[in-house]
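The structure under discussion appears below in the form of C-alpha cells.
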Amino acid sequence: MDASKGLEFLKSLTVESLMKALEEKLYVADRELATALYLAIQMRKPLLIEGEPGCGKTEVAKVLAEILGTELIRLQCYEGLDASDAIYEWDYPRQLLYIKMLESRKDITELESEIFSERFLLKRPLLRAVLHPGPLPPVLLIDEIDRADEEFEGFLLEFLAEYQVTIPEIGTIKAKVEPITILTSNRTREIGDGLKRRCLYYYVTYPSKEKEMRILKLKVKGLSDSLAEQLVAFVNVLRQRPDIMKKPGISETLDWANALMKLGAKELNREVLRSTLVCIVKTQDDLARIDVDSFASFTNRQG
Amino acid sequence: MDPYRFVVEIAEHLRRHQLKVGVSESLDACQALNLVAGYGLPEIKTAIKVTMIKDPSKYHLLEEVMSQALERAASSEGEGEGEDEQGDTSSGSRLSQVSVSKDAQGRDQRSDRTVDVYMYSPMETLSRRNLRPIDPMKVRLGKRIVKRMRRRLAVLPGRRYRRSKAGELDFPRTMRAALGTAGELLELRKTKPILARLRVVAFFDISGSMDTYTDWIVRAMYLVKRLGRRVEVFVFSTRLLRVTELLETTNLEEIRRRLSERVDLWGSGTRIGSCLKQFLDRYGNLVDRTWTAIVVSDGWDTGEPELLRYTMEALRMRVGRIVWLNPHADKPNFKPMTIGMLTALPYVDVLAGTMVLEDMNSFLRFFGRAITPMKVRGKPVPKPF
C-alpha cells in the first residue's frame, strides 16, 4: 500500500476495515483486539499489549505497518538499555575531529552551537520516530518493555505522553506526525503505573481452539484438517497442564505445523510426536514431564 | 445516557476494587466511548477495558461494574424528571442488553483468566500446603533491605559511571572538559562503571525442619526474586524444584496461590547434597562466577555428608559467592553444629540469619554498614577432589 492509500485507509478507518485488513495480511484478530487497535490509532495513544510469549503481540505491529505501507521503527528492549541506545547519542569521534579541524578558526560559542547540532546526532529509534517526515505516521514498536530496566520507563514517559524528546543541547523536538506506538510485554515484571497510565492496555491470552485452527489454516498451506485438529488439541492439553512451565504459544504451534509439513507427516503418532516435540516444548524440565506414550494414545483417539 | 456520568460511575466502582483509575483514564474512556459511539455493546466494553482496566486479573470486574453503572444511571434518570420517556426506554433496553450479554459473554470473560486444569500425574504427592496470605506490610519492609542487599552483593556493572584513572576513555566527559578549555583536549577523562547489579540463584529448604518458617520462606522467595533481573529460585527437600516462573508476578495473592498449588515438597525430609547435585547436573550451565548463590536452610541433612561436601565444592567453583541464611544464626549464641552446616561452612562466604530480610539491624550485623559492594572472596577456589 502506498502512502496515499495508507492515508485514505486511516481516514476511513473502522473496526471492520481494520479486521479485514489484518486478515488479508494473514493475521487473525478477534474483534476486541481490532477495537483496541482502532482506538489506539484514533486516539493517537500508545497501545501496551501484554500477554504470554508467542501470542502475536509483536506481529500486530509488523502487520499494521504493512497494512498502512509505512515504516516500522523497532526498539528492542533489553536489560541495560538506556537513552543513548533508544533516543540519541552524540557522535563524539566526529565532534572531536571537527573541533580539531576548526580550532583557532572560530570562537568557542560558535563552535559549541555547531558541534551540538543535528548534524552530529546519532538518531536512535525514538528520535527517528519523532523526526519522521510523514505524511503517513510510522509504526513504532517498543518490544518487550519488561526486559528493560525500570529506570528506562522514566525515559519513555515524556515520549509517550507528548511524542517529544528533549535533548539538552538542542531543546525539545516534537513529532511532526505522531507515530502509531505499540509496546509489548511478556509480563516477566510489572510495568510501572506511570507508563500504563499513558497507554491503552490490552491483554492477549492463548486463542480458543477455533481461532487457532483458523490461524493454522491461514498460515500453513496444505495442512489437513485432521492434523490441524490434533495439533491444536495437543497444544491445548499442554497449556492446561499446571506442571508445564513454558506453555506453547501460537508461534510454537505454527512452527510445529510447518515442521510436520516439511516431514510430510499425515497424523500425529508416537514417533512423530517424539521427534518433533522440541518444536513446542522448549525446556529440558518440561520435556522430562511429558510422557509421549500416554499422549500417543490421546492423539490416536483424536485422530 | 450521559457518557461522562457513565464513565465516572465505572471509575468509582473500579477504584473501590483497588484499581488505579485516575482522571486521565476517565478522560481516555470518554474519548474512546465517543469513538465507538456508532458501535455495539462489545465495542463499548472494549473501550472501557482498554482505557480503564490495566490489570488483566481484574477483567472479571468489567461485566459487574458496567451493569451496575448502567443500572444506577438508569435508576437516577428514572428518579429525575421522567419527562423523556424515550430516554428511559433506551436506558432500560441498554440495561437489559447488558444483563443478556452477561450470560452470553460469560465464556469470553472466563477465557481472559488463567484456568488451571488438574490432571493425573504419577509425581503427585500429598505434601502440598495451603499457604497463609503474604503480609504486604512485612514485604514492604523487606523491599528496603532488598535494595541495600542488592548494593552490597553487587558484582556486575550498572549504568552509572565514576571517574577512575584505571577506567576507559569517556568521550562525552572528555568533550565537556575540552569545552572548558576552548576545545583544547588537555585532559582525557576516564571512567569505570559502578557495580550495581547482581545475579542470584537461591535455594530454599522447605523440608519438615523448616516448617515453622513457612510464612517467612514465602515472603523471602518474593523478596529474593526482586534482588535483580536475573534471579533463579529453587525449593528443595528430598528433590529440587524450580519455582522462578511461579514468582514472576508482583501479585502476592497470586504467588501464594501458585506456590500452594504447584509446590509439592513441603514438609518432607532433607537431602541438600543430592538436591544441589540435581541443580548442578540440570541447571549448572545457567550460572557462572558473576552469580551469587543464596542457600536458605537450617543445615539439617539426612543425605550423605560426602555428597554435600562434593556439591558445595562444585557450586563454589561455579558461582562467585555463596550466602547461607540459617534461621538459627539469628540467635546470639549460635554455633553451627549440624553436620550439613559444618560440611558446607568452608565454602560459605557469608553465614547470616534469616532475619536479615526482615530487620535492618540484623542485616547490618551480618552484612556490615558499608554500602559499597562486598569483595568477592579472594582466596583460591577449592579444587574438586
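Predicted model only: the values in this text are computed from it and were never measured. Here is the naming used below: chain letters follow the sequence lines, and residue numbers restart at 1 for every chain.
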message = If you count every heavy atom of other residues, nucleotides or ligands that lies below 6.0 Å from B:Glu168 atom CD, does the total exceed 12?
response = no
task = Would you indicate whether the side-chain heavy atoms of A:Thr14 and B:Tyr39 approach each other to under 4.5 Å?
result = yes
message = How close do B:Leu35 and A:Tyr38 get, counting heavy atoms only, and between which atoms?
response = O-OH, 3.3 Å
Region of A:Val204 that comes under 4.5 Å of a non-hydrogen atom in chain B = neither
message = Counting heavy-atom pairs under 4.5 Å with chain A, which one of B:Lys54, B:Glu25, B:Gln31 comes out on top?
response = B:Lys54
remark   = Under 4.5 Å to a heavy atom of chain B? For A:Ser208 that would be neither
query = Would you say B:Arg144 has more than 12 foreign heavy atoms packed within less than 6.0 Å of its CZ?
reply = no
Contacting region of A:Ile49 [heavy-atom separation from chain B under 4.5 Å] = neither
query = Should we count NZ of B:Lys192 as having more than 12 external heavy atoms under 6.0 Å?
reply = no
query = Looking only at heavy atoms, what is the nearest atom pair of A:Arg197 and B:Asp28, with distance?
reply = O-OD2, 4.3 Å
key: Worked check of side chain to side chain contact (heavy atoms under 4.5 Å, CB included) between A:Lys45 and B:Thr51   = CA-CA 10 Å; A:Lys45 288 216 69 145; B:Thr51 52; over 6 Å; no
request  = Please determine, among A:Asp30, A:Ile115, A:Leu96, the option with the most heavy-atom pairs under 4.5 Å with chain B.
outcome  = A:Leu96
request  = Answer yes or no: does atom NZ of A:Lys196 have more than 12 heavy-atom neighbours from other residues, nucleotides or ligands under 6.0 Å?
outcome  = yes
remark   = Under 4.5 Å to a heavy atom of chain B? For A:Leu47 that would be neither
key: Check ion pair B:Lys45-A:Glu32 (N to O, under 4.0 angstrom)   = no
query = Are side-chain heavy atoms of A:Leu33 and B:Thr46 found at a separation under 4.5 Å?
reply = no
query = Is it the case that more than 12 heavy atoms not belonging to A:Arg198 sit under 6.0 Å from its CZ atom?
reply = yes
query = Using non-hydrogen atoms only, which part of B:Arg226 is less than 4.5 Å away from chain A: side chain, backbone, both, or neither?
reply = neither
message = Which heavy atom of A:Tyr202 sits nearest to which heavy atom of B:Val50, and what is that distance?
response = CD1-CG1, 4.2 Å
request  = State, to 0.1 Å, how close B:Phe171 and A:Tyr92 come at their nearest heavy-atom pair, and which atoms those are.
outcome  = CB-CB, 3.6 Å
Under 4.5 Å from a heavy atom of chain A, the part of B:Leu247 involved = neither
task = Would you indicate whether A:Lys282, at its atom NZ, is surrounded by more than 12 heavy atoms from other residues, nucleotides or ligands within a distance under 6.0 Å?
result = yes
task = Determine the minimum heavy-atom distance between A:Tyr201 and B:Asp55, stating which atoms define it.
result = CE2-N, 4.3 Å
remark   = For B:Arg229 and A:Asp146 the tightest heavy-atom approach is NH2-O, 2.8 Å
task = Dump the intermediate steps for side chain to side chain contact (heavy atoms under 4.5 Å, CB included) on A:Tyr203 and B:Ile53, then the final yes or no.
result = CA-CA 10 Å; A:Tyr203 186 80; B:Ile53 308 180; over 6 Å; no
query = Nearest 0.5 Å, what's the CG-CE distance between B:Asn34 and A:Met43?
reply = 9.5 Å
